[in-house]
Amino acid sequence: MIRTELSTLGEFGLIERINQQFTPTLPQTIKGIGDDAAVIDTGTDEYLLVSTDMLVEGVHFDLSYAPLKHLGYKAVAVNVSDIAAMNGTPRQITVSVGLSNRFSVEAIDELYAGIQAACEAYKVDLVGGDTSASRSGLVISVTAIGVVQKDKIAYRSGAKPNDIICVTGDLGASYMGLQLLEREKREFLENPDMQPQLEEKAYLVGRQLKPEARTDIVYELQDAGVVPTSMIDISDGLASEILHLCNQSGMGAQVFEENIPIADETFLTADEFKVSPLTIALNGGEDYELLFTIQQGDYEKIKNSPHISFVGFMTNDPQAVELVTKAGGRFPIQAQGWQHLNK
Ligand code: ADP
Ligand code: MG
């Protein structure tokens, strides 16, 4: 018997292995594994979108600093983000939880208060789920269902040469927020009388604990009359996501360091931690911003948006996915992302 360690495949390798074993057979299955959401044709002028994401205690969150209410909100937001990444609108969610009797009824109420707040914020209905005992901490799995007009759908694979690469919001803040929370936790464990000093860091910590899905951008693009040629949400860091767009579109890219949006708070805190803000923006993860490409002709329609940065353009050389530094140097963009299976 051969035993192959999961770490030899990594997360993406494992998904690819599963993907190879399951070829969709139904004509209604327009897109299976490989994009932010599955795409299903129900015979109307809209596609149905389905996406699932799971949050696991000790892997995705630490209850010593993540309030249950925020966690519930985040579990919904990250799924809504995948619907937005198809240029779609979320409609319903199901929520499954694995619980141990470590949790009180009040604690579960808190979790669901956060889920409810997210349902209101994103205008989705909770329509089902599952409840199980768990022996290995809290597990929250959310499935989001959404819709998109067929002619407005944005896959990861649609980018063309010279398309402009766009990023919403700013990057790296969530990762810096996580570093702050981890530092506070270490200091608290050493000195339990210490009070957390996170008031000045509210933006960064908020980005980590309670991220928002950019459903607003889907509406903004619609109002501007722009359909992205490709789109993905930034859950694993800009580097990893740009490589997904390039790989699936068969394109290369030039991304300009000076155009990558990074908040002042992120710069300051990165300095404090002696890490490079650029590296954090490229590889930090959990930003839940949108990365998309547009045709050159659409630039005028959104160039003044305060929510969108134009960070580069696509090229027809799939071998070259490059970062152009402020000094003019060119470096291949490499994915680090989250490699949970290697930890
Ligand atoms: P995202 O970061 O957008 O949530 P993932 O990287 O988690 O996307 O997943 C990429 C693709 O692989 C998606 O289409 C997802 O549905 C699919 N996928 C992930 N895990 C599995 C699995 N265990 N079985 C089948 N498909 C999976
Ligand atoms: Mg995604």
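Every number for a ligand or one of its atoms is a count from 1 in the order of the listing.
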Identify every side-chain donor-acceptor pair in residues 202-212 under 3.5 Å, counting partners at least two apart or on other chains, and give the distances.
| from | atom 1 | to | atom 2 | distance (Å) |
| --- | --- | --- | --- | --- |
| Tyr203 | OH | Asp170 | OD1 | 3.2 |
| Tyr203 | OH | Asp170 | OD2 | 2.5 |
| Arg207 | NH1 | Glu289 | OE2 | 2.9 |
| Arg207 | NH2 | Asp170 | O | 2.8 |
| Arg207 | NH2 | Glu289 | OE2 | 3.1 |
| Gln208 | OE1 | Lys74 | NZ | 3.3 |
| Gln208 | NE2 | Ser174 | O | 3.1 |
| Gln208 | NE2 | Ser174 | OG | 3.0 |
| Gln208 | NE2 | Glu286 | OE1 | 3.4 |
| Lys210 | NZ | Glu212 | OE2 | 3.4 |
| Glu212 | OE1 | Tyr73 | OH | 2.8 |
| Glu212 | OE1 | Tyr122 | OH | 2.4 |
| Glu212 | OE2 | Tyr73 | OH | 3.1 |

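Neither side chain, Ser309 nor Asn259, offers a donor N or O lying under 3.5 Å from an acceptor on the other. Side-chain contact check for Ser134 and Ser100: no donor-acceptor pair (N or O, by modelled atom type) lies under 3.5 Å. No side-chain donor from either of Gln179 and Thr269 sits under 3.5 Å from a side-chain acceptor of the other.
Near Asp53, with a cut-off below 4.0 Å to any heavy atom, the atoms of ligand 1 are 4 (O). Atoms of ligand 1 lying under 4.0 Å from at least one heavy atom of Ser235, given by number and element, are 2 (O).
The nearest protein atom to atom 8 (O) of ligand 1, hydrogens excluded, is given as Arg156 NH2, 4.0 Å; this is a heavy-atom distance. Shortest contact from atom 21 (C) of ligand 1 to any protein heavy atom: Ile15 CG1, 4.3 Å. Given atom 25 (C) of ligand 1, the protein heavy atom at minimum distance is Ile33 CD1, 3.6 Å. The closest protein non-hydrogen atom to atom 11 (C) of ligand 1 is Gly34 N, 3.7 Å. Counting protein heavy atoms only, atom 22 (C) of ligand 1 is closest to Ile18 CD1, 4.0 Å. Among protein heavy atoms, the minimum distance from atom 15 (C) of ligand 1 is reached at Asp35 O, 4.6 Å. Distance from atom 6 (O) of ligand 1 to its nearest protein heavy atom, with residue and atom name: Phe12 CE2, 4.0 Å. At the shortest separation from atom 7 (O) of ligand 1 among protein heavy atoms lies Glu11 OE2, 4.3 Å.
Note on ring orientation: taking the six-membered ring where Trp is involved, the planes of Phe313 and Phe256 are tilted (angle from 30° to 60°).
For Asp163 and Lys160, the salt-bridge test fails: no basic side-chain N is under 4.0 Å from an acidic carboxylate O. Using a 4.0 Å cut-off between a side-chain N of Lys or Arg and a carboxylate O of Asp or Glu, Arg156 and Asp35 qualify as a salt bridge. A salt bridge does not link Arg330 with Glu257: every distance from a Lys NZ or Arg NE/NH1/NH2 to an Asp or Glu carboxylate oxygen is 4.0 Å or more.
Alongside Val78, the hydrophobic cluster contains Tyr288 (criterion: ILVMFWY side chains under 4.5 Å). Taking Ile, Leu, Val, Met, Phe, Trp and Tyr as hydrophobic and joining them when side-chain heavy atoms fall under 4.5 Å apart, one finds Ile333 in a cluster with Ile165, Val167, Leu171, Ile232, Ile234, Leu238, Ile242, Leu243, Leu245, Met251, Val255, Ile260, Ile262, Phe267, Leu278, Leu282, Leu291, Val311, Met314, Val321, Leu323.
Note on ligand 1: Glu241 sits outside its first shell, no heavy atom being nearer than 4.0 Å.
The number of heavy-atom neighbours closer than 6.0 Å to CD of Gln116, taken from other residues, nucleotides and ligands shown, is 12 or below.
Looking only at protein N/O/S atoms, the ones less than 2.8 Å from the Mg ion (ligand 2) make 3 in total.
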